[in-house]
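A short worksheet on the structure shown next.
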Amino acid sequence: MYILPIVFGLLLVATPSAGQQTVFHTASFPDATMVQLSVTHYQVTSEEDFDFEVAIKLVQTDANGTVLYDDTRKHPVRVKCGEPAYVDTGLKRFMINTATSNGDWQHDLWAMLCTTATS
């Protein structure tokens with residue numbers, strides 16, 4: 001049903017990931033602090049309600065790029081690509097408007113996992 005996202009996900013899982021993280025969202029604040037959210041692990045799931053299980057973490061840096069906080073925990077998130085599309089944290093399910101991007105982390109994560117570039 002969702003062959004492209006599944007194939008894309010398998011490619012991501014097959015990619016060597018030792019120490020690698022994929023940044024999918026960056027938030028900048030007036031004091032030049034930045035917070036980056038990254039994916040530390042992808043897994044295609046066999047659960048009917050989801051397409052991907054993902055682990056995410058965050059890193060906060062100051063204006064000079066100095067790390068102020070490096071979240072060592074891995075937060076589990078599940079993503080459903082097809083309609084109704086959503087990102088589920090276990091505590092809250094965020095519905096995704098697949099037609100437009102609003103710049104939030106949930107849409108950015110969904111877009112990274114569920115869309116592919118076309119040439």
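What's counted below: heavy atoms across the whole structure, side chains too, no hydrogens, waters or symmetry copies. Please read all numbers here as calculations on a predicted model, not as lab measurements. All residue numbers in this chain count up from 1 along the given sequence.
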Residues T115, W110; criterion side chain to side chain contact (heavy atoms under 4.5 Å, CB included); working and verdict: CA-CA 8 Å; T115 62; W110 174 87; 3.9 Å; yes
Of the non-hydrogen atoms in [X] and [Y], which two are nearest, and what is the gap between them?
X: D70; Y: V59; result: OD1-CG2, 3.5 Å
X: D49; Y: K80; result: O-CD, 3.3 Å
X: V87; Y: Q106; result: CG2-O, 3.5 Å
X: D71; Y: K57; result: O-CE, 3.0 Å
X: D108; Y: G103; result: OD2-O, 3.9 Å
X: C114; Y: F52; result: SG-CE1, 4.4 Å

Heavy-atom check, side chain of [X] versus side chain of [Y], under 4.5 Å:
X: R78; Y: E47; result: yes
X: H107; Y: N97; result: no
X: V35; Y: T26; result: no
X: Q60; Y: F29; result: no
X: S38; Y: T22; result: no
X: L109; Y: V79; result: yes

Pairs where residues 24-35 contributes a residue and the test salt bridge (charged side-chain N to carboxylate O under 4.0 Å, His left out) is met, not counting sequence neighbours: none
Quick one: does [X]'s side chain have a donor or acceptor within less than 3.5 Å of a partner on [Y]'s backbone?
X: H75; Y: T89; answer: no
X: T40; Y: A55; answer: yes
X: D62; Y: N64; answer: yes
X: D51; Y: C81; answer: yes

Mutual orientation of the aromatic rings belonging to F94 and W105 [parallel < 30°, tilted 30-60°, perpendicular > 60°]: perpendicular
Steps toward side chain to side chain contact (heavy atoms under 4.5 Å, CB included) verdict (M112, V39): CA-CA 10 Å; M112 183 188 80; V39 172; 3.5 Å; yes
